[in-house]
Amino acid sequence: MLVGCGVVEWGPAFDEPAMIAVGCEEIGNQKEQQQSLIQLYRLEGDSSKGSFVQYGQDLFMGHSGQINDLSWAPLYGRSFHLLVSVGSDN
């Protein structure tokens, strides 16, 4: 299985640990096995010495083609994050 990642988007929150979303394409042996997914990473530890650890994966499967763009919605007082993805689905 080969994973190719084509888009990275930083999370907009200023009062929480940094988060990034990565749009990837998982390539199987056959065309029918291909799927796109979004992986989330969150900064653990101090911002100068910390590292990004995987926070979630396969949570947002839904594209059958390549993911072309990601965008975080502004927070505006919500206690949760919204993430939009755009793909080249057939």
Side-chain angles (χ1 to χ4, degrees):
M1 166 179 31
L2 175 67
V3 176
C5 299
V7 62
V8 175
E9 182 73 21
W10 285 94
F14 59 89
D15 59 344
E16 296 181 12
M19 291 182 70
I20 56 174
V22 182
C24 298
E25 185 176 4
E26 184 177 84
I27 303 170
N29 295 332
Q30 298 175 349
K31 181 98 173 142
E32 296 81 28
Q33 294 176 342
Q34 293 183 0
Q35 58 185 349
S36 296
L37 55 97
I38 298 170
Q39 298 175 335
L40 297 177
Y41 293 88
R42 185 179 189 137
L43 181 65
E44 295 290 329
D46 186 14
S47 61
S48 63
K49 299 178 184 177
S51 61
F52 281 92
V53 295
Q54 193 166 0
Y55 185 65
Q57 177 181 342
D58 296 336
L59 300 175
F60 307 104
M61 287 178 18
H63 289 290
S64 60
Q66 178 181 355
I67 295 176
N68 297 327
D69 198 12
L70 296 170
S71 183
W72 295 87
L75 290 176
Y76 294 124
R78 284 192 311 269
S79 61
F80 57 90
H81 297 276
L82 291 176
L83 183 65
V84 167
S85 62
V86 177
S88 56
D89 297 15
N90 295 332

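The figures that follow rest on heavy atoms only: side chains count, while hydrogens, waters and symmetry mates do not.
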Inset, instruction - For Tyr55 and Met19, work out which heavy atoms get closest and say how close. - result: CD2-CE, 3.7 Å

Legend entry - Partner residues of Phe80 under the side-chain contact (heavy atoms from CB on, under 4.5 Å) criterion, sequence neighbours left out: Arg78, Leu82

Inset, instruction - Working to the nearest 0.5 Å, report the span between CD1 of Ile38 and CD1 of Ile67. - result: 4.5 Å

Inset, instruction - State which residues pass side chain to side chain donor-acceptor pair (under 3.5 Å) with Glu44; sequence neighbours excluded, sorted by chain then number. - result: none

Which pairs would a plain distance check flag for residues 70-77, meaning a side-chain donor or acceptor within less than 3.5 Å of a matching protein atom at least two apart in sequence or in another chain?
| residue | atom | partner | partner atom | Å |
| --- | --- | --- | --- | --- |
| Trp72 | NE1 | Glu9 | O | 3.3 |
| Trp72 | NE1 | Trp10 | O | 3.2 |

Legend entry - Distance in Å, Asn68 CG paired with Ser85 OG, rounded so as to fall on 0.5 Å steps: 10.0 Å

Legend entry - Val8-Phe52 co-clustered via ILVMFWY side chain contacts under 4.5 Å: yes

